[in-house]
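Quick notes on the structure that follows.
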Protein chains: 2
Amino acid sequence: MGAALTPNETEVLALLRGANGPMTAYQLLGRMQRNGGAVAPPTVYRALKGLEEAGVVQRIETLRAWAVVTSPVPGVVAICDDCGAVRSVEAQGVFEGLHQRLAAEGFAEARQTIEVHGRCGDCTGGQT
Amino acid sequence: MGAALTPNETEVLALLRGANGPMTAYQLLGRMQRNGGAVAPPTVYRALKGLEEAGVVQRIETLRAWAVVTSPVPGVVAICDDCGAVRSVEAQGVFEGLHQRLAAEGFAEARQTIEVHGRCGDCTGGQT
DNA sequence: CAGATATACGTTATAGTATAACATAACACA
DNA sequence: TGTGTTATGTTATACTATAACGTATATCTG
Ligand SMILES: [Zn+2]
Ligand SMILES: [Zn+2]
Ligand SMILES: [Zn+2]
Ligand SMILES: [Zn+2]
């Protein structure tokens, strides 16, 4: 079974949930230090690793930052370069199509990272 | 027109072309130092930036490394976690499907990063 | 309870990645 | 010749991540 979260993991998750977007590991570190005194980088990286393995947090590769997983199924990460908003967009067909395409090449995929930069609806003048 | 490459860019590109896979910026730096004496990080990062803007080099985000662009059209980067091989696989339908999906959300995409980790055909016991 | 194992955590140091800021050189060309 | 532009050199620093080792705590076992 998926083990319960440790206290450090719980704290990091709460910080990420309270943020309105991804946070870098050192932003998390700073917050934890202001909360609880002496905290060092391994503490936050260990927590992030555990949360990632638990599937509740993911690294946004193109931002070198960390965010809560908002979708039960893996989504496309859409990042607005204007306002910084990050959304996970479900795109089952895209993932499946990619799976097929790679399988045709004999490639057995284990993990897909799909991140897209651009401008969100709000920032383009917004047709919603 | 796309400006000609500078000497530093040319050197970095030659190193990447001579490698059998992505290289980190500091691997490139080490090579350049062995070739030409005093070289500092900004030299290689500047060259990488120029090459990236020229479209001949790309950063592999999930590897924090740099590789030559092998496909005229953007491809899916397939990374074998076993042997380290990195291939760019054309998947026009995937990119287009993703484009459509995001457009439907009002998101105007500018840059897609699609990287997949797994095992290549050679490493799975290889049906080619 | 003594001892063994496992897990989480603390602590220090260091590795690895990337950029800021400012100085200099080289070139084009008015 | 002067002037702007591009490329480069140089120094320092910021940012991201992990290695290595020690300690605490819980749990099980005999
Ligand atoms: Zn936006
Ligand atoms: Zn799949
Ligand atoms: Zn392989
Ligand atoms: Zn598109």
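Just so it is clear: chains get the letters A, B, ... in the order the sequence lines come, proteins before strands, and each one is counted from 1.
At a threshold of 4.5 Å between non-hydrogen side-chain atoms, the residues A/Phe95 and A/Val73 do not count as touching. The shortest distance between side-chain heavy atoms of B/Met32 and B/Asn8 falls below 4.5 Å. In this structure, the side chains of A/Thr10 and A/Val12 stay at 4.5 Å or more apart for every pair of heavy atoms.
Between A/Thr6 and C/dT7 there is no side-chain polar atom (N or O) within less than 4.0 angstrom of OP1 or OP2. Taking 4.0 angstrom as the limit, A/Tyr45 places none of its side-chain polar atoms (N or O) nearer than this to OP1 or OP2 of D/dT18.
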Which atom pairs link the protein and nucleotides 11-13 of chain C when you take only N or O atoms and keep those under 3.5 Å?
none

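In plain terms, the two heavy atoms of B/Ala78 and B/Val89 that are nearest each other are CB-CG2, 4.2 Å.
Applying the salt bridge (Lys or Arg N to Asp or Glu O under 4.0 Å) test to every pair with at least one member in residues 20-30 of chain B, sequence neighbours left out, gives no pairs at all.
The residue among B/Asn8 and B/Arg64 whose nearest nucleotide of DNA chain D lies closer to the 5′ end is B/Asn8.
The separation between B/Arg59 atom CZ and D/dT16 atom P is 12 Å, rounded to whole Å. Counting to the nearest Å, the P atom of D/dG9 and the CD atom of B/Glu9 are 12 Å from each other.
Across residues 13-37 of chain A, A/Thr24, A/Tyr26 each have a non-hydrogen atom less than 4.0 Å from an atom of DNA chain D (numbered order).
Under the side-chain hydrogen bond (donor to acceptor under 3.5 Å, both in side chains) criterion, B/Arg31 pairs with no residue at all, not counting sequence neighbours.
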Do any side-chain atoms of residues 45-70 of chain A form donor-acceptor pairs under 3.5 angstrom with protein atoms, and if so which ones, sequence neighbours left out?
{"from": "A/Arg59", "atom 1": "NH1", "to": "A/Glu61", "atom 2": "OE1", "distance (Å)": "2.5"}
{"from": "A/Thr62", "atom 1": "OG1", "to": "A/Glu115", "atom 2": "OE1", "distance (Å)": "2.5"}
{"from": "A/Thr62", "atom 1": "OG1", "to": "A/His117", "atom 2": "NE2", "distance (Å)": "2.8"}

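Using modelled atom types, one finds no donor on one side chain facing an acceptor on the other under 3.5 Å when comparing B/Gln92 with B/Glu96.
Here A/Glu105 pairs with B/Arg87 in a salt bridge; the nearest charged N to carboxylate O distance falls below 4.0 Å.
With a 3.5 Å limit on both pairing distances and Watson-Crick or G-U wobble geometry required, the stems of 3 or more pairs in DNA chain C span C:1-30 with D:1-30.
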